[in-house]
Amino acid sequence: MAPQVFWCSISLLCCSFLSTAKGDPQALSFPPGRQYQYRYALAVRLDPVAEPSPRGGWLQAEALLGVRRLWRDPGREELLRVQIQDLKARQQPEEAKGQDGAGSPPAEIALSPEAQAELQQPIFISWSSGKVKALYGDETEGALISNLKRGIVSLLQLQPHAGTTVEEDASGSCQVTYAVSNHSITKTKDLLSCTKPKLGFTSVNKIFGVQWQPTSRSQYVVKDGVLQSVLAEESHMVALALRSTTGVKISSRQQLELVSSSPAPEEEARRSLEDALVGTDGQHQSLGTASLPFRRGCTHCPSLVAYLKTFDGQRAKRDISQAAAAWRFQRFIQMLRGAKRRDVLQLLKRAPEEMLPFVVEAAVAAQSVASLAALSDFLDFSKEPKSLLQTFLYAAAFSPRPSKELLRLVLDKLDGKQLAPEVRETGAVALGSLVGKLCRQRLRGLQEVERGVEAILAGLRGAKEEPEAVIHLLALGNAVLPETIPILLEHAEEGPAAISAAAISALRRFPARHISSEVKRAMRRIFHEKRKSYEKTCRLAAAEILLDSQPLLMDVINILLATGEMETETATFLLHKVQSSLRADHHPARKIMKDIMGDSQINNYHHFSKAGISSSFLGPLTASEDLLSTFGLDLLFLEGGFLRKSVSDFSLFSHDRQLRAAQVTIEAQGMESMLGESVLEGEEETELKAGMSAVFFDVQLRPIVFFQGYADLMAKVLLSSGEPTSVVKGNLLLMDHHQVIPLQSGLQVVVKVLGGLGLDISANMDVNIWEQELKTSIHTRGSLAIDFQAELDAPFLQTTVRSQTEADSSIHFDTFLRFSSSPVLMCLQLREEQVPYREIFTVSRSAGNQSSTARKGRQGAVPSRELALHRDNSRACSLLLAAEKEA
């Protein structure tokens, strides 16, 4: 043997050995002149997560699958004919047939002659060594049957070598990873990477969205280049982010197994794939491999036309803090989403005065083209009552997923009109909220968004009085646009007290990643008063930004050291703030604080022995696997014992996300003169004033003034009706989610979530100058209704799993201060009334002319409770409440 031949043979043997060691099978192909018959099996399940609940729905199908090669070109591209034969489908038996369905035979599903004919129509695929390059079939075929065939074609999408690539199949265009071992090929698909046409929507605030956890794995066996078997398994867990027990489990399993091969006609010689297709039976239009969207028809959905016919008798006034009102709000939204413009406008015109705010809120939440157009026709900002216009603007501000059309409507209604101050201010904060939410949807480049940003900035530049500047700074806080940070810093450092406080408040709305070194330098200058003196609340707010945003060790040390030079009450408040962060596991400064407290030069009696009555408290209210809710209370007093500022905060933490559910701030300024105190050197003398500011679900509302000036105070004291001031009252749509999940099997699951909240929050401030007492109360009543649905659509079966949850809640927060005592006595009470709740689980199935529905439910109540905030507070409450009873 010649040396060249010998070494060539050795090289070939080595290459062959290495290829076998790596497990790379031979090139994939279907030999000519053979008909391959596979057994195809499909099993899909849809089950509720919660227990107890009815058993979910499942579908099983079996068929024979014929595959034959019709043509092949020199580049190894093949044209395959694929045909489904003898498909039989079964569904889950009725629960009544067995205690839990065990032992009951599956129920056969009768297929219509039309469905059988469509199923047997062949499809054709352009296939090259495992890669599906194109799909051909009848484009007039029903979407569900066409998708089922796409699911079968997806099983033929593979590659014979290891690696990561992007493939397109029924799931969309997805990243897949292959591992090869001997005759086995394992494909893992990253379903989170799949790209497909955008179908659906979700809430901008992810804490009100869903958690989606999908997996997909396929196992192929190939021998002699021919596909022997496939096992593809896929699962999805979809649940509410706030409550993982409200959700659905989806599992899909496909099997393909070669059962025989038999002689078939030899392939004809054709020049091209197109020529080969011309000679085939059936239709052969080019089709995409990704599943087509399918929209299920609704036979029991509420109709606005039908509602209007009986509308005159439906004028009952409902308590919005009851669950029934929240469910009614959701039904109205669904009704308006399917209504025409003229019908929505007719409803708005015919609605009685007490019902009109409810209809406006539902029309904004529906956010359909028709409902927004009807609102545009109906609302006249020069004539309508201020309260109705504010209802519209706040409904827009709280929209969970606002559109550019909604922003355009708000801009058009506000543009160039002479508006009442309340409406103009509410419009400004609503614009900020809308702009911010659209930017979080990555729509910053929209013309409407640019117009909204310019409207806010123009209002800030043109502000002639402090309140105008303040409201536009708060609007920038709602927008949370990083490009506006330099503007906020300028107003924070250079503006008078009210403007500086509003700018710092807006900066506190930004996530920690936007609190840059430049922002921190500005906050240090404000806190340490490097350039000028600042009002104490501004200094404290600047310190909180430094403490809450990835704090630096030296910042924390310098803040603690600075308390030695502060007034007693200010220093006491700040030290309590530091100590409360040590007790909060989620606080970003906790670790640094613990390290610092180990230093006796910082943690000693000199620094932490301040004897003021100001305080800062932060603690958990409820905790679960998915959610942590906290309550925080900040109380800052003047040296004479009068309350300067109180902040009560309810926050939610879920899956590394935070939401300020409610924050109510009550401030009193200029009280030093009433108490005979002198203003500190460098501070501005402020006018006597008290008011309230609120943030709900991360939306800053328009501040409310209780009184301004001594004369106004005396008038309010003498003429006060004792009625609380309404902070917010209305219906909000918090959750609005629609997700289409195309399964690899070609079936489709649609997840829909609607979550509505009826909210009624009022506050009252009672100042008794003669008794030297101050009482404040915040009363929050609300009802929550959540409707979670998952729909499975197949050519011969429809299944719906539904979970409906409702709860009513009422929380009271009261403060009672007596200044005539020495020291000042203060009592804080946080009471939660009994919380009744109810859950209903429903599973519906429909196959052919047969349908069934199973329901289970549970209800209960969380007992009422009063939270003991701390020991000193409990002692003070005992003294004050006992004295009040005796009086």
So, do [X] and [Y] sit near enough that their side-chain heavy atoms are less than 4.5 Å apart?
X      : Y      : value
Leu119 : Leu148 : yes
Thr202 : Val210 : no
Val176 : Val166 : no
Ile152 : Ile84  : yes
Thr805 : Ile840 : no
Leu446 : Lys404 : yes
Ser203 : Leu734 : no
Leu65  : Arg39  : no

What residues form a side chain to side chain donor-acceptor pair (under 3.5 Å) with Glu791, not counting sequence neighbours?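 Side chain to side chain donor-acceptor pair (under 3.5 Å) check on Glu791 returns Lys752.
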Donor-acceptor check, side chain of [X] to backbone of [Y], threshold 3.5 angstrom: yes or no?
X      : Y      : value
Gln739 : Trp212 : no
Thr799 : Leu792 : no
His737 : Leu754 : no
His183 : Val222 : yes
Asp224 : Val226 : no
Ser745 : Gly151 : no
Arg845 : Ser851 : no

Verify side chain to side chain contact (heavy atoms under 4.5 Å, CB included) between Ser399 and Gln367, making sure each step is shown before the conclusion. CA-CA 9 Å; Ser399 173; Gln367 211 171 171; 3.5 Å; yes
Quick check on [X]: does its [atom1] atom have over 12 non-hydrogen neighbours (other residues, nucleotides or ligands) under 6.0 Å away?
X      : atom1 : result
Arg855 : CZ    : no
Gln850 : CD    : no
Arg337 : CZ    : yes
Arg440 : CZ    : yes

Show your working on side chain to side chain contact (heavy atoms under 4.5 Å, CB included) between Val753 and Asp736 and close with a plain yes or no. CA-CA 6 Å; Val753 183; Asp736 197 8; over 6 Å; no
Nearest heavy-atom pair of [X] and [Y]: which atoms, and what distance?
X      : Y      : result
Ser29  : Trp127 : CA-CZ3, 3.9 Å
Pro48  : Val801 : CG-CG1, 3.6 Å
Gly130 : Leu28  : CA-CD1, 3.8 Å
Leu240 : Phe788 : CD2-CD1, 4.0 Å
Ala847 : Ile109 : CB-CG2, 4.1 Å
Asp73  : Glu77  : OD1-N, 2.7 Å

For Leu277 and Tyr136, what are the C-alpha separation, side-chain angles and deciding distance, and is it a side chain to side chain contact (heavy atoms under 4.5 Å, CB included)? CA-CA 9 Å; Leu277 279 171; Tyr136 303 91; 3.8 Å; yes
Could you tell me the separation between the [atom1] atom of [X] and the [atom2] atom of [Y], rounded to the nearest 0.5 Å?
X      : Y      : atom1 : atom2 : result
Asp169 : Gln744 : CG    : CD    : 5.0 Å
Gln285 : Glu139 : CD    : CD    : 4.0 Å
Tyr220 : Leu156 : OH    : CG    : 7.5 Å
Gln798 : Ser846 : CD    : OG    : 6.0 Å
Gln116 : Phe796 : CD    : CZ    : 11.0 Å
Arg401 : Phe201 : CZ    : CZ    : 4.0 Å

When you compare the side chains of [X] and [Y], does any donor N or O come within less than 3.5 Å of an acceptor on the partner?
X      : Y      : value
Ser184 : Asn182 : no
Asp626 : Ser244 : yes
Arg150 : Ser146 : yes
Thr186 : Gln219 : yes
Gln159 : Thr165 : no
Glu839 : Ser803 : no
Arg243 : Thr246 : yes
Ser251 : Ser235 : no
Thr177 : Lys187 : no
Arg45  : Ser252 : no

Could you please spell out the steps behind the salt bridge (Lys or Arg N to Asp or Glu O under 4.0 Å) verdict for Glu234 and Arg217? CA-CA 6 Å; Glu234 181 179 358; Arg217 188 172 182 271; over 6 Å; no
Applying side chain to side chain contact (heavy atoms under 4.5 Å, CB included) to Leu747 and Leu42, what does each step give before you reach the verdict? CA-CA 10 Å; Leu747 275 60; Leu42 168 66; 4.0 Å; yes
Only one of Gln254, Gln85, Gln255, Glu62 forms a side chain to side chain donor-acceptor pair (under 3.5 Å) with Tyr40, so which one is it? Gln254
Pair [X] + [Y]: basic N to acidic O under 4.0 Å:
X      : Y      : value
Arg802 : Asp787 : yes
Lys189 : Glu167 : no
Arg72  : Glu78  : yes

Relative to the ring of Tyr38, is the ring of Phe30 parallel (under 30°), tilted (30 to 60°) or perpendicular (over 60°)? perpendicular
Given Glu267 and Arg69, is the salt bridge (Lys or Arg N to Asp or Glu O under 4.0 Å) satisfied, shown in steps? CA-CA 7 Å; Glu267 60 189 44; Arg69 193 176 94 183; 2.9 Å; yes
Please evaluate residues Glu233 and Arg253 with respect to the criterion salt bridge (Lys or Arg N to Asp or Glu O under 4.0 Å), reporting the C-alpha separation (whole Å), side-chain torsions for both, the decisive distance (0.1 Å), and the verdict. CA-CA 5 Å; Glu233 295 179 305; Arg253 178 186 174 98; 2.5 Å; yes
Going by disulfide (SG to SG under 2.5 Å), name the pairs with one or both residues in residues 135-221, residues two or more places apart or in two chains. Cys174-Cys194
